[in-house]
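Notes for the one structure printed next.
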Amino acid sequence: MTKNRFREEFARALATAFQQAYADKFESMGVKEVFDAEFIYDNLEKPKDARMGRFAFPVFRFSKLLGAKPPEIAQRVADTASESISSYDGLAAVTSAGGFINAATDFAAEAGETLCEILKSKSAYGGSDRGNGRTVLVEYSSPNIAKPFGIGHLRTTILGNSLRRIFKKLGFDVIGVNYLGDWGTQFGKMIVAWRRWGGGARVADSHVTDLLELYVRFHEEAEKEDSLNDEARLAFKKLEEGDPETVKLWEQFRETSQAEFDRVYKLLGIEFDLVTGEAFLNDKMEPVIKRLEKAGLTSISEGALIVDLDDPHLPPCLLKKADGATLYATRDLAGLIYRWEKYKFEQSLYVVGTAQSDHFKQAFKVIGLLEDKEQVPPDERMIGRVKHIEFGWVRFGDQMLSTRRGNIIFLEDVINKAVDLAREKIAEKNPDLADRDETALMIGVGAVLYSQFSVRRQKDVNFDWDEVLSFEGETGPYLQYTHARLCSLLRNYPAEVSAEFDQSLLDKEEERRVVELLADFPAAVEDAARSYDPNVIAAHLIRLAGAFNRVYQRKDDKGRIDKIISDDANLSAARIALVESVRTVIYEGLSLLGIQAPQEM
RNA sequence: GCCCCCGUAGCUCACCUGGAUAGAGCAUCGGUUUCCUAAACCGAGGGUAGCAGGUUCGAGUCCUGCCGGGGGUACCA
């Protein structure tokens, strides 16, 4: 990972100052804790109030170690560092405030270096080669076939899509997997429903909404007539045994659904590297069961084949039902093992809702037990590399969205509504725009996507039409609008953008905020990867866009807008370098979220 | 019953591995356009961070208990 030079310099200056100011302690301790620049680097903070400085180091924890009160330490070290500040060309001042040591960077230097780096590396800015080609699997979206694509699928789909992009940016070889729910008792239900109420139509002529109706009807009728459930189980059993007629029906359900999914993915710009499904694992389950049996982990309970997890809070993991049919967990275990053997991944992420948290705990526990029993060497174990990236529910009003009850908002409707609204806005604000339809699509989709990133992933998110369709404030369109405005500036600028500019001309407080946010973008990308949450990037972009808009509308002493492009060629050149840098980062950040940015809107 | 997640401004949410005066957006009220896109910007009001303890120099953040909401709890996925 590339380190921030200014941050590093401050850490070095502090470590040296600590060594000098507390020479006796340093002598006995050596290069550790506060005497170690690397330690300080990792423990630097950002001051709450930007006026306090660029970086901060709290010394409270070291009061005991150094035998002095925090403010004394801070002052003494800050004074010591100040004496030799001239040997650090990136630092302007080191001061103390209470128990904090604060640093101000040489702003012109930081502005110059940051902007030059962005102008030079362009879209590569914020990335790294940290992944070094190691493999990361991300499983996301994974809709069930024979069901429409509802708003409930939105989160996993775009979260996973974004994580795929983020890890790619960090140099990992990412495989985005769409693991279709194309197997299980639910297909028994569909088959029964189709035969009973399908009216003899051909599946190929049907639409997913027809299938949904049947699915809902099944659940309604099954409440009255319990034997339907047995019938469905039997139908699934036949499917699993390969009964030709049943298999044919299933294949048709699959095709009908796939067509709908592809349409939605195209609309949203979602990409996968591998589309597979539960059915793919059909012949891979038996070997896994054999392996578990051989390891002595299985037992029969109430007629079912289980793995007892020896955990009071986890029910046993079911491998086979009493009727011999397999279950979700069986297939996931087979999938875990298959993918581990095939890819030897660094990490494998399952972007699945929080409701399935226990399921993943069970599956991972089984893998752990198996690796223990088989005495797999530590560096050949997949346990610890597989992670459940869970996220909260999408809620609609007071209701949970449930496909079983037919209580569903179609994702396509949401997108269409947002795009229509974007089209209206364009007609109102920029009726002469050339690519109106294309732009409206980008904005509408941007609004829908962003609405999911504005909340930390663990939290439930309330689906609110007004919010999703809002284009003002902390929204996707706000970021897109800022980007379009930046593009407009670049169009209006009469010369070429150049990395040769007078950095000392970027001396306004508003500009400093922007530069700092630009410099911190790589850290935000890292942060998003570490927490598996693109929300970090979304929030960073909002701050950046806001900071830039304040530069853009900054007024001079006379109350007039201080324009980016003016008669002063040198000043304009410096400011336009800032503009191009912000544009690059917003564009790149949005692309990590899977959001496109039009040049005009 | 047990397990997991959540509880911050009227609403929706932030606060990075505990740190300085708890910040944004929406909504409300007021202001900014002879000026590069006003989908923007500035200002005002709005807070017992569910409650009660504990750990710590320091707690929205960690621990315990309680209250409230949601989810899960073997033959659905």
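Below, read A as the first sequence line, B as the second, and so on, with proteins coming before strands; counting in each chain starts at 1.
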Checking all strands, does A:Q362 fall into the base, sugar-phosphate, or nothing category for heavy-atom contacts under 4.0 angstrom? nothing

Side chain of A:S301 only, please: which of B:A74, B:G70, B:G25 is the nearest? B:A74

NA contact type, A:D323, heavy-atom cut-off 4.0 Å: base, sugar-phosphate, or nothing? nothing

Six-ring centre of A:F10, A:R54 cation under 6.0 angstrom, axis tolerance 45°: no

Have a look at A:L309 and say if it touches a base, only the backbone sugar-phosphate, or nothing, with a 4.0 Å heavy-atom cut-off. nothing

For A:F280 and A:W183, I'd like to know if the aromatic rings sit close, meaning centre-to-centre distance below 6.0 Å. no

Nearest nucleotide by nearest heavy atom, which residue falls closer to the 5' end of RNA chain B, A:Q186 or A:A484? A:A484

Could you check whether the side chain of A:E472 and the base of B:A39 have a donor-acceptor pair of N or O atoms closer than 3.5 Å, going by distance alone? no

Between B:C41, B:C36, B:A39, which nucleotide has the shortest distance from any of its atoms to the side chain of A:I565? B:C36

Using only side-chain N and O atoms of A:R491, determine if any of them is under 4.0 Å from OP1 or OP2 of B:U37. no

Does this structure show an ion pair linking A:R76 with A:E72, if we count only N-O contacts that are shorter than 4.0 Å? no

Side-chain N or O of A:R485 versus OP1/OP2 of B:A40: is the shortest distance under 4.0 Å? no

Before we go on, tell me: are the rings of A:F57 and A:F62 under 6.0 Å apart, centre to centre? yes

Check nucleotides 7-9 of chain B against the protein and report each pair of N or O atoms closer than 3.5 Å, with its distance, or say if there are none.
none

Within the structure, does a side-chain N or O atom of A:R233 lie under 4.0 Å from either OP1 or OP2 of B:C76? yes

Under 3.5 Å, is there any donor-acceptor pair linking the side chain of A:T482 to the base of B:A39? no

How is A:R575 classified with respect to the nucleic acid when contacts are heavy atoms under 4.0 Å: base, sugar-phosphate, or nothing? nothing

Partner of A:E600 under side chain to side chain contact (heavy atoms under 4.5 Å, CB included), picked from A:T439, A:L433, A:D435, A:I426, is A:L433

Around atom CD of A:Q599, are there more than 12 heavy atoms of other residues, nucleotides or ligands at under 6.0 Å? no

Do A:E467 and A:S451 have side-chain atoms, one donor and one acceptor, less than 3.5 Å apart? no

Can you tell me if the side-chain N/O atoms of A:Y328 get under 4.0 Å from OP1 or OP2 in B:A77? no

Under 4.0 angstrom between A:N492 side-chain N/O and B:U37 OP1 or OP2: yes

Got a sec, which residues hit ring pair (Phe, Tyr, Trp, His ring centres under 6.0 Å) with A:H388, two or more places apart in sequence or on another chain? A:F360

With RNA chain B as reference, determine whether A:A422 or A:K555 sits nearer its 5' end, using the nearest nucleotide of each. A:K555

Look at A:R575 together with A:E511 and state whether they make a salt bridge at an N to O cut-off of under 4.0 Å. yes

With respect to the phosphate group of B:A77, does any side-chain polar atom (N or O) of A:Y350 fall under 4.0 Å of OP1 or OP2? no

Between N or O atoms, less than 3.5 Å apart, protein on one side and nucleotides 42-51 of chain B on the other: list the pairs.
from: B:C42; atom 1: OP1; to: A:R550; atom 2: NH1; distance (Å): 3.2

Applying a 4.0 Å non-hydrogen cut-off, can you work out what A:Q480 is touching in the nucleic acid: base, sugar-phosphate, or nothing? nothing

Which pairs, protein N/O on one side and nucleotides 18-20 of chain B N/O on the other, fall under 3.5 Å?
from: B:A20; atom 1: OP2; to: A:K48; atom 2: NZ; distance (Å): 2.7
from: B:A20; atom 1: N6; to: A:N102; atom 2: OD1; distance (Å): 2.9
from: B:A20; atom 1: N1; to: A:N102; atom 2: OD1; distance (Å): 3.3
from: B:A20; atom 1: N1; to: A:N102; atom 2: ND2; distance (Å): 3.1

Under 6.0 Å between ring centres, would you say that holds for A:F60 and A:F100? yes

Rounding to an integer number of Å, can you tell me how far A:L489 CG sits from B:A40 P? 16 Å

In whole Å, measure the gap between the C1' atoms of B:A22 and B:G46 for me. 14 Å

A:N144 vs B:A77: side-chain N/O to OP1/OP2 distance below 4.0 Å: no

Which pairs with one or both residues in residues 542-552 of chain A pass side chain to side chain donor-acceptor pair (under 3.5 Å), sequence neighbours excluded? A:Y478-A:N549, A:T482-A:N549, A:R485-A:N549

Base-paired stems that RNA chain B participates in, counting runs of 3 or more Watson-Crick or G-U pairs under 3.5 Å: B:1-7 with B:67-73, B:10-13 with B:23-26, B:28-32 with B:40-44, B:50-54 with B:62-66

Quick one: label A:S488 by what it contacts on the DNA or RNA (base, sugar-phosphate, nothing), any heavy atom closer than 4.0 Å. base

What about the rings of A:F187 and A:F253, do their centers lie closer together than 6.0 Å? no

